[in-house]
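Chain naming here is simple, since letters A, B, ... match the order of the sequence lines and numbering starts at 1 in each.
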There are 2 protein chains.
Amino acid sequence: MSSFAPTEQRLAVTCRRQPAFPREPAVLVRLVKHLHKRVHDAANATLKPWGISHPEYNILMMLYGTEGYALNPSQLAEAAGEKSANITRLADSLCDKGLIERTASDEDRRKVSLSLSRAGLAMIDEFMPSVCALLERQTAGMKPAETAQLERLLKKFLNQLEQD
Amino acid sequence: MSSFAPTEQRLAVTCRRQPAFPREPAVLVRLVKHLHKRVHDAANATLKPWGISHPEYNILMMLYGTEGYALNPSQLAEAAGEKSANITRLADSLCDKGLIERTASDEDRRKVSLSLSRAGLAMIDEFMPSVCALLERQTAGMKPAETAQLERLLKKFLNQLEQD
DNA sequence: TCCATATATTTCATATATGAAATACAAACA
DNA sequence: TGTTTGTATTTCATATATGAAATATATGGA
């Protein structure tokens with residue numbers, strides 16, 4: 001039995017008490033919250049041996065996924081879904097650990113460039129097997145057609161949320 | 001263009017650099033993160049006029065969705081997806097605002113009962129129109145068959161995440 | 001050039017969340 | 001009864017995240 005069942009039961013009660021309450025969006029929103037928590041906790045547990053958190057991992061991987069391995073704090077904030085103030089703190093922490101480097105931009109000196117260091121690249125290579133294994137496990141029960149369909153629908157949902 | 005496009009582009013680069021990196025679970029995980037952020041921010045903005053946060057709203061609604069309008073902190077932690085230490089803090093805050101009441105259980109005095117107060121119920125009735133409108137907007141672009149399909153697939157995904 | 005306005009980033013105060021230890025009571029049983 | 005073990009909740013130190021103000025630089029006219 002899924003941990004979500006009691007939540008669903010409570011939604012049913014709520015719908016009975018508030019006839020205008022729309023069940024479908026509410027159930028989707030609560031599923032997203034539960035999923036996020038699971039994903040976040042599992043990622044933190046997997047990354048613990050390397051001494052980095054899930055948000056720090058996201059920063060590293062955004063840089064890794066960029067030609068040149070470098071981004072500005074503002075691009076990083078957008079990509080990683082963090083506020084810029086938070087990027088400063090995460091970047092500080094990753095700099096302290098020697099995983100990224102902070103350099104001033106020449107063309108526009110308001111800008112800062114955050115780039116993966118040699119050590120950062122090496123760490124990614126190190127934790128990659130564990131991360132891949134985690135990701136594989138997380139969709140192990142689903143058929144490729146299902147994950148593809150889920151991706152399509154989540155994108156549609158996200159687009160809708162971005163309308164506001 | 002969705003804010004997700006650059007993230008997707010970075011995943012493509014990552015897959016090229018790490019052939020073992022499984023794109024599909026990774027894209028799903030990142031979509032969940034983006035969705036969660038949007039949902040959380042939109043809820044906070046909608047609830048601001050009532051002086052409560054999204055996590056506080058969740059606590060109130062979990063109680064509202066329960067016969068008798070009362071739960072223990074541990075049940076609430078499970079239902080709302082918060083750690084018990086966090087429930088204490090949120091409950092303190094809601095008590096201070098007079099929206100819930102904390103009473104000791106008679107049968108088992110290790111337990112505490114958190115119940116909606118009259119004022120809490122009244123506040124729910126007040127913000128309900130705004131919350132319903134928000135929820136409606138959030139799925140406005142999707143057909144009922146699509147949201148139903150999305151719900152089904154998200155539950156399957158969540159079940160899989162709970163296997164570990 | 002000088003000024004006004006805009007953008008990028010950081011700082012700081014505060015809010016929010018977590019793990020681990022502490023507390024309080026319950027239940028089982030010698 | 002007294003002791004042990006287990007469960008529910010809270011406390012506390014610390015980690016994490018946010019908004020708003022501060023800082024620094026850029027850009028586009030007057």
Side-chain angles (χ1 to χ4, degrees), chain A residues 33-34 36-45 47-48 50-60 62 70-97 100-115, chain B residues 33-34 36-45 47-60 70-97 100-115:
Chain A
K33 181 166 183 3
H34 280 243
H36 180 260
K37 179 176 146 55
R38 292 278 171 177
V39 162
H40 185 69
D41 289 354
N44 276 325
L47 295 164
K48 191 155 198 177
W50 288 275
I52 62 171
S53 67
H54 187 208
E56 286 173 329
Y57 163 85
N58 281 326
I59 302 292
L60 294 179
M62 291 300 148
L71 288 169
N72 303 326
S74 46
Q75 296 174 302
L76 216 34
E78 164 73 11
E82 304 283 351
K83 304 291 153 71
S84 58
N86 205 22
I87 295 293
T88 299
R89 182 180 56 81
L90 292 166
D92 285 348
S93 162
L94 291 168
C95 279
D96 289 350
K97 293 171 187 162
I100 68 173
E101 277 153 17
R102 201 196 301 253
T103 56
S105 163
D106 290 339
E107 25 129 314
D108 183 341
R109 291 199 317 196
R110 289 170 307 178
K111 292 186 180 173
V112 164
S113 172
L114 298 170
S115 58
Chain B
K33 182 167 183 2
H34 280 243
H36 180 259
K37 180 176 143 58
R38 292 278 171 179
V39 162
H40 185 69
D41 290 352
N44 276 325
L47 294 164
K48 191 156 196 173
W50 287 276
I52 63 170
S53 67
H54 186 208
E56 287 173 328
Y57 163 86
N58 281 327
I59 302 291
L60 293 179
L71 287 170
N72 303 325
S74 46
Q75 296 174 302
L76 216 33
E78 163 74 11
E82 304 283 351
K83 304 291 153 74
S84 57
N86 205 22
I87 294 293
T88 299
R89 182 180 56 81
L90 292 166
D92 284 349
S93 163
L94 291 168
C95 277
D96 289 350
K97 293 171 187 163
I100 68 173
E101 278 153 15
R102 202 195 302 252
T103 56
S105 162
D106 290 339
E107 24 130 313
D108 183 341
R109 293 199 318 196
R110 290 170 308 179
K111 291 187 180 172
V112 164
S113 171
L114 298 170
S115 58

When the nearest nucleotide of DNA chain D is assigned to B:Ser74 and to B:Lys37 on a heavy-atom basis, which residue is associated with the more 5' position? B:Ser74
Parallel, tilted or perpendicular: ring planes of A:His40 versus A:His54, cut at 30 and 60 degrees: tilted
Between A:Glu82 and B:Lys33, is there a side-chain N and carboxylate O pair less than 4.0 Å apart? yes
Nearest-Å distance, CG (A:Asn44) to P (C:dT18)? 10 Å
Distance test, side-chain N/O of A:Arg109 to OP1/OP2 of D:dT27, below 4.0 Å: no
To the nearest angstrom, how far is B:Asp108 atom CG from C:dA28 atom P? 12 Å
Among D:dT9, C:dT16, C:dA26, which nucleotide sits nearest the side chain of B:Arg110? C:dA26
Rounded to the nearest Å, what distance is computed from the OH atom of residue A:Tyr57 to the P atom of nucleotide D:dT16? 18 Å
With sequence neighbours left out, what residues match A:Arg109 under side-chain hydrogen bond (donor to acceptor under 3.5 Å, both in side chains)? none
Scan residues 78-93 of chain A against DNA chain C and write down, sorted by residue number, each residue with any heavy atom closer than 4.0 Å; if none is found, say none. A:Ser84, A:Ala85, A:Thr88
Let me know the distance between CD of A:Glu56 and P of D:dA15, rounded to the nearest Å. 12 Å
Between D:dT16 (P) and A:Leu47 (CG): distance, integer Å: 12 Å
Just how far, in rounded Å, is P of C:dT9 from CD1 of A:Ile59? 13 Å
Return yes if some donor-acceptor pair links the side-chain N/O of B:Glu78 with the main-chain N/O of B:Gln75 below 3.5 Å, else return no. no
Closest non-hydrogen atom pair between A:Ala80 and A:Ile59, with its separation: CB-CD1, 4.2 Å
Roughly, in whole Å, what's the span from NE2 in A:His54 to C1' in D:dA15? 17 Å
With B:Ile52 as reference, evaluate B:Leu60, B:Asn44, B:Asn58 under the side chain to side chain contact (heavy atoms under 4.5 Å, CB included) test and give the passing residue. B:Leu60
Using whole Å, report how far CG of B:Asn72 lies from P of D:dT10. 10 Å
Identify the heavy atoms of A:Leu47 and A:Ser53 that sit nearest to each other, and give their distance. CD1-O, 3.9 Å
Do the side-chain N or O atoms of A:Ser53 get closer than 4.0 angstrom to the phosphate oxygens (OP1, OP2) of D:dA15? no
